Amino acid sequence: MAEVDGRKPGSAGVGSAVMFCGPCGDVKASSFCKDCHEYLCSSCTKCHERLETIKHHQLLKGTQFPLVYPTRQKMASVSESFEKCSDHPLEDVKIFCKTHRALCCVACTAALHEHCKKDYIPDIAQSYVTGAEYTKLQTDIKDLDQLGVQCHADIDRCMKEVDELNWDEVDKLKKYKEDIIEYLNKREKELIAEMQQLHDHDLSLLKDIQARLKTWQSDLSDVKAKLQSHQQSTYKLFITAKRTQALVNQLQESLNDMQQQTKYQRYMLVKDPSMERILNDTTGKATLKLADVEVKIGNWTMFYN
C-alpha cells in the first residue's frame, strides 16, 4: 500500500506505521483533519478545536484515526496549492485575519491572532474571487495602468518642454551677450573717437607753436648776426643794439607766449561704477529667476519653486 503524508519514512507495514504531525514534522500525530487533509499532533489538534475559523473541521481520532488515508491524491493536490508561511516554513497559509488583514498559518493564528476575527481561506476563496472586493481590485489595477500610461505621456511632454525651455533661455542669454558686446563696441568707438579728437587738437596746437618757434629762432639768429657784425665798431654796435632792443623785447614776449601755450589737454578713462560692480559680481548682470508655478498634470501635481 502506498505511503501517505504524515508517515515517517522507513516505517513498517500498516499495523506498525507511525503517523507524524504535518505542521510539526517530528511529533507523533493523534488526529487527522479531513478538511485540511493533514495529520495533527495533540497540540495542533487543540488549536484546531479552539480556533473559530477551523473548529468546525472534522477531526478523525481514536478508532477513526487513519493510518492510510484513501484520498492521498486529493491531499497532494490541496497541499501543493498552499503557500508556506514565511515565519513558520513548515506551516501552510490557510487563515486570513480580518482584524489585522494578515495572511496567517495555524501557528501564527495561535500565537498572535487567537482573539481576532478570522476566515478560513479555502472556505472563502471562491466567494472572494467572484465578489465585489476582488472586482474593485481589478478595476483599481486597470485604473492604475491607465494612470501609468498618462503619467508616462506627461513625463515625455515635460521632458520635451524642459529641453525647449533650455534652448529658449540659452538663446536669450546668447542674444543678451551679443547686445552687451554691441553696446561695448559702440561705446568703445565713441571713446576712441573722442580721444582722437583731443589728440589731434593738442597736436595741431603744438605743431603751430613749433612753427612759430622756428621763426622766432630765425629772428633771434638775425639779431645775433647783426650784433656780431659790428664788434669792431663801438659806434655801429651802439646804433645796432639800440635798434634791436625793441626786437629783442618782442622776441622775449613771443617766447613767453609760446611757453605758456606749450601744453596739452590731459585725459584718462574713468570706469563706470555700475559696470565695475557687474564685473566684480561673479553672477554677472543676468541671473536666473525660478518661476513659482504649480503645474497640474492628470491626477498628480508638480511644484516648481
Side-chain angles (χ1 to χ4, degrees), residues 1-9 19-62 64-149 299:
M1 187 171 292
E3 182 185 36
V4 297
D5 292 343
R7 176 182 295 182
K8 188 176 181 64
M19 310 311 293
F20 289 85
C21 178
C24 298
D26 57 354
V27 181
K28 183 178 178 181
S30 62
S31 67
F32 180 81
C33 179
K34 292 184 65 176
D35 296 273
C36 296
H37 308 285
E38 195 168 39
Y39 286 94
L40 305 171
C41 66
S42 58
S43 296
C44 291
T45 299
K46 291 179 181 179
C47 288
H48 240 63
E49 294 173 333
R50 186 171 68 251
L51 295 177
E52 185 68 27
T53 54
I54 56 177
K55 68 180 183 179
H56 64 280
H57 286 189
Q58 185 177 0
L59 299 178
L60 302 180
K61 304 178 184 178
Q64 294 181 329
F65 180 81
L67 295 178
V68 177
Y69 191 63
T71 57
R72 180 176 183 273
Q73 187 65 33
K74 182 178 180 181
M75 290 169 55
S77 64
V78 173
S79 179
E80 289 173 0
S81 66
F82 289 133
E83 291 186 12
K84 295 298 181 182
C85 178
S86 58
D87 296 327
H88 308 94
L90 298 178
E91 297 287 349
D92 294 330
V93 176
K94 298 180 181 180
I95 299 171
F96 177 70
C97 176
K98 294 194 293 183
T99 303
H100 299 99
R101 303 193 63 79
L103 298 170
C104 313
C105 67
V106 175
C108 292
T109 304
L112 302 173
H113 306 279
E114 182 175 359
H115 302 291
C116 299
K117 293 181 179 180
K118 300 174 286 292
D119 284 326
Y120 184 59
I121 295 176
D123 290 345
I124 65 169
Q126 183 61 39
S127 60
Y128 171 80
V129 172
T130 59
E133 183 178 350
Y134 182 66
T135 301
K136 184 179 184 302
L137 176 63
Q138 289 180 310
T139 302
D140 291 343
I141 292 174
K142 182 179 179 181
D143 292 342
L144 283 175
D145 185 41
Q146 293 176 349
L147 288 174
V149 173
N299 292 330

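The model shown is predicted, which means the values in this text are computed figures rather than measured ones.
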Q) Which distance, rounded to the nearest 0.5 Å, do you find between the CD1 of I54 and the CG of D119? A) 12.5 Å
Q: With sequence neighbours excluded, tell me which residues meet side chain to side chain donor-acceptor pair (under 3.5 Å) with K46.
A: none
(Q) Taking the side chain as everything from C-beta on, heavy atoms only, tell me whether C44 gets closer than 4.5 Å to Y39. (A) no
Q. Listed by chain and number, what are the side chain to side chain contact (heavy atoms under 4.5 Å, CB included) partners of K117, not counting sequence neighbours?
A. K98, T99
Q: Could you list the residues that satisfy ring pair (Phe, Tyr, Trp, His ring centres under 6.0 Å) with Y120, not counting sequence neighbours?
A: H57
Q: Please tell me if the side chains of E38 and K94 come closer than 4.5 Å, counting only heavy atoms from C-beta onward.
A: yes
Q) Under 4.5 Å between any side-chain heavy atoms of F96 and R101, yes or no? A) yes
Q. Under the side chain to side chain contact (heavy atoms under 4.5 Å, CB included) criterion, do D123 and H56 qualify, and how do the steps go?
A. CA-CA 12 Å; D123 290 345; H56 64 280; 3.5 Å; yes
Q: Could you check if a side-chain atom of S31 sits within less than 4.5 angstrom of a side-chain atom of K61, using non-hydrogen atoms only?
A: yes
Q.
Restricting to ring pair (Phe, Tyr, Trp, His ring centres under 6.0 Å), what partner residues turn up for H88, sequence neighbours left out?
A. none
**Q.** Flag side-chain contact, heavy atom, 4.5 Å: F65 against L60
**A.** no
**Q.** Exercise: identify the closest heavy-atom pair between K118 and C97
**A.** CG-CA, 4.2 Å
(Q) Suppose we screen for side chain to side chain donor-acceptor pair (under 3.5 Å). Which residues come up paired with Q146, at least two apart in sequence or across chains? (A) none
Q) Does some side-chain heavy atom of I141 sit less than 4.5 Å from a side-chain heavy atom of L137? A) yes
Q.
Do L90 and K84 make a side-chain contact, defined as non-hydrogen atoms from C-beta onward lying under 4.5 Å apart?
A. no
Q | OH (Y128) with more than 12 external heavy atoms under 6.0 Å | A | yes
Would you list the atom pairs, donor with acceptor, under 3.5 Å between side chains in residues 104-116 and any protein atom, with sequence neighbours excluded?
from : atom 1 : to   : atom 2 : distance (Å)
T109 : OG1    : C105 : O      : 2.8
H113 : ND1    : H100 : ND1    : 3.2
E114 : OE2    : R50  : NE     : 2.8

